[in-house]
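Heads up, the thing below is written out as structure tokens.
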2 protein chains.
Amino acid sequence: MTSTLSQLSPSGIPLYQQVKRAVLAALASGEWVQGEAIPPEKLLAERFSVSIGTLRKAIDELEAENILVRHQGRGTFVAIHSRNQHFFRFFRVVRQDGKKAYPETELQRFRRVRANEEVRAKLALGKGAFVYEFVNLLSLNGDKVIVDTIAVPEVLFRDLTREQLRDRPSTLYSFYQEMFGINVISTSETVRATLADAEHAGWLGVAPGAPLLSVRRVAYSYNKLPIEWRISTLHTGRYEYISQDTSGGS
Amino acid sequence: MTSTLSQLSPSGIPLYQQVKRAVLAALASGEWVQGEAIPPEKLLAERFSVSIGTLRKAIDELEAENILVRHQGRGTFVAIHSRNQHFFRFFRVVRQDGKKAYPETELQRFRRVRANEEVRAKLALGKGAFVYEFVNLLSLNGDKVIVDTIAVPEVLFRDLTREQLRDRPSTLYSFYQEMFGINVISTSETVRATLADAEHAGWLGVAPGAPLLSVRRVAYSYNKLPIEWRISTLHTGRYEYISQDTSGGS
DNA sequence: AAGTGGTCTAGACCACTAC
DNA sequence: TAGTGGTCTAGACCACTTA
């Protein structure tokens, strides 16, 4: 992969966007790997025959999209969506006093089934497609708080097993990344109030008929490809769902 | 307001951030008004004695935060948070089929009271401070869906009256903007499940004990100044609360 | 000390909008 | 045509990390 950029830009597309696409192409081709540093800015600027300012503008956007991470003095790295910071971007349940904690997960159920109509719609699957469907019970500070019912397309998660899920050493989304090369980069959620049915009441240790939150999520990879559908059922007795507006601030 | 920037930067804070703060200060002081253009970049660069590139970096961030809007060839404008696009950034309730609609509002209650401890904490008010507290019932497509209990500091909303609220021609936040010069630029929300009490059941036309969402919001202006505290109680029988993650994409 | 990204400059030229 | 923001350059110097 030399890829000195197609040299010509008759399209009128800004140079920095062409550079951005070229960097994305190099990432998608596997030229640079998860967690590894990409070449320094000066080298990249030469490779693409642009000034360093233009190169930086391209990298700026890739960093804003959580695809690259820069560290002053060390280099620019391919982002890892693992435990530390990124976890709480997608995990939005905290104790009512604001304290964040990592959940403990117990796999309750696992099966391979044909996707029903709702799941096919959410995951953009064709009729007859299979999904892996599993249920996790999540605890925070020892309290059973969340039941996640999750469906992922078989075609993207070939040969996923119950054991892999149960024994994974890291978060679910970094497991997706490490084992299947699938990156979750955005989600879309809706929230409703429901009453606990017998099964969820049992899992969460509440009375049937207790009020619960039902959070429905579609998770997307690059190009808005849907890769996971989940229904999270939350007991908000001592916890709550948070929804920050990240645009503003000073 | 000359404000040529304090000239000295012993603090080691990057210049463009100092410029950003200075622009925010000019906005907060009312020097530039809603929907009006701010001075051109070249002028601002001279005023703050920085290069145009540095000035642009400051404006870049303010645009990313929806505080300014740039239009090539026309100028840079103070963002208007009014009806059209911005409304649905803060109004996050849609019908379960995804259809968005503007709510109709009925003012149910209005009073001036001393803030209790919770409200004082959320709005960063001192002991004994007064707030205006009012209750709105919101309908979507003719369905009564939301009860908003809202508190705003008297010190920021001097002489707010029941009649002003009832007769306002626009959304609540553009009313804040037009009548009091207060801009909502970010919010922080938490969500819990509750059961309808008698009063809310009556307003929403549900049985007492029906499951409802309780959304608690603090709305902020520039510099993270809290300007409104509200508890929204939602009936999610046919509607739902949405929470998009806007960071990703390519 | 060497190498990385972060900031900042002082322009040039282009694309778009208004008049 | 004049004025606006958008792109791009070719550096200089600073702050941080690693050895």
Side-chain angles (χ1 to χ4, degrees), chain A residues 4-23 26-27 32 35-80 84-85, chain B residues 4-23 26-27 32 35-80:
Chain A
T4 80
L5 220 49
S6 16
Q7 220 73 2
L8 305 175
S9 54
S11 38
I13 296 173
L15 246 189
Y16 76 92
Q17 285 187 26
Q18 298 180 44
V19 171
K20 185 179 165 189
R21 292 187 71 89
V23 172
L27 283 167
W32 306 316
E36 296 286 304
I38 70 175
E41 298 182 341
K42 216 156 81 176
L43 265 181
L44 286 177
E46 285 171 12
R47 163 164 163 180
F48 295 129
S49 306
V50 299
S51 79
I52 214 150
T54 301
L55 187 276
R56 279 185 62 80
K57 185 152 184 180
I59 302 294
D60 280 347
E61 295 203 351
L62 292 167
E63 188 181 30
E65 292 170 14
N66 298 306
I67 293 170
L68 297 176
V69 180
R70 285 198 275 219
H71 291 289
Q72 187 176 31
R74 296 209 290 136
T76 302
F77 299 79
V78 184
I80 296 184
N84 308 330
Q85 307 80 5
Chain B
T4 80
L5 220 49
S6 15
Q7 219 70 4
L8 303 176
S9 53
S11 38
I13 296 172
L15 245 189
Y16 75 92
Q17 284 187 26
Q18 299 180 43
V19 172
K20 187 179 165 190
R21 292 187 70 90
V23 172
L27 283 167
W32 305 317
E36 295 287 303
I38 69 173
E41 298 183 340
K42 217 156 80 177
L43 264 181
L44 286 177
E46 286 171 12
R47 164 162 162 181
F48 297 129
S49 306
V50 299
S51 80
I52 214 147
T54 300
L55 188 274
R56 279 185 62 80
K57 186 152 185 180
I59 303 294
D60 280 347
E61 296 203 351
L62 292 167
E63 188 181 30
E65 293 170 13
N66 298 306
I67 294 171
L68 298 176
V69 180
R70 285 198 274 218
H71 292 288
Q72 188 176 28
R74 296 209 287 135
T76 302
F77 299 79
V78 184
I80 297 186

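Letters go in sequence order (proteins before strands), and every chain restarts at 1. Values below: all heavy atoms of this structure, side chains included; hydrogens, waters and symmetry mates excluded.
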Has the side chain of A:Glu41 got a donor or acceptor atom that lies under 3.5 Å from a matching backbone atom of A:Ile52?
-> no

Looking for any heavy atom pair under 4.0 Å, which part of the strands does A:Lys42 touch: base, sugar-phosphate only, or nothing?
-> nothing

Show the distances under 3.5 angstrom between N or O atoms of the protein and N or O atoms of nucleotides 8-12 of chain C.
unit_1, atom_1, unit_2, atom_2, d
C:dC8, OP1, B:Leu15, N, 2.3
C:dC8, OP2, B:Leu15, N, 3.2
C:dC8, OP2, B:Tyr16, N, 3.1
C:dT9, OP2, B:Ser51, N, 2.8
C:dT9, OP2, B:Ser51, OG, 2.9
C:dT9, OP2, B:Thr54, OG1, 2.4

Looking at side-chain heavy atoms only, is the closest gap between A:Tyr16 and A:Arg56 below 4.5 Å?
-> no

Applying side-chain hydrogen bond (donor to acceptor under 3.5 Å, both in side chains), name anything that partners A:Thr54, two or more places apart in sequence or on another chain.
-> A:Ser51

Any side-chain heavy-atom pair from B:Glu65 and B:Lys20 closer than 4.5 angstrom?
-> yes

Check side-chain hydrogen bond (donor to acceptor under 3.5 Å, both in side chains) between A:Glu46 and all other residues, then give those that pass, not counting sequence neighbours.
-> none

Check salt bridge (Lys or Arg N to Asp or Glu O under 4.0 Å) between B:Glu63 and all other residues, then give those that pass, not counting sequence neighbours.
-> B:Arg70

Would one find a side-chain N or O of A:Arg70 under 4.0 angstrom from OP1 or OP2 of C:dG6?
-> yes

Using only side-chain N and O atoms of B:Arg56, determine if any of them is under 4.0 Å from OP1 or OP2 of D:dG5.
-> no

All N/O pairs under 3.5 Å across the protein-nucleotides 14-19 of chain D interface:
unit_1, atom_1, unit_2, atom_2, d
D:dA15, N3, A:Gln72, NE2, 3.4

Between C:dT17 (P) and B:Phe77 (CZ): distance, integer Å | 12 Å

If we only count heavy atoms from C-beta on, is the A:Val69 to A:Thr76 side-chain gap below 4.5 Å?
-> no

Taking atom C1' of D:dG6 as reference, at what distance in whole Å does atom CD of A:Glu61 sit?
-> 13 Å

Listed once per pair and sorted, the ring pair (Phe, Tyr, Trp, His ring centres under 6.0 Å) pairs that draw on residues 49-73 of chain A, sequence neighbours left out = A:His71-A:Phe77

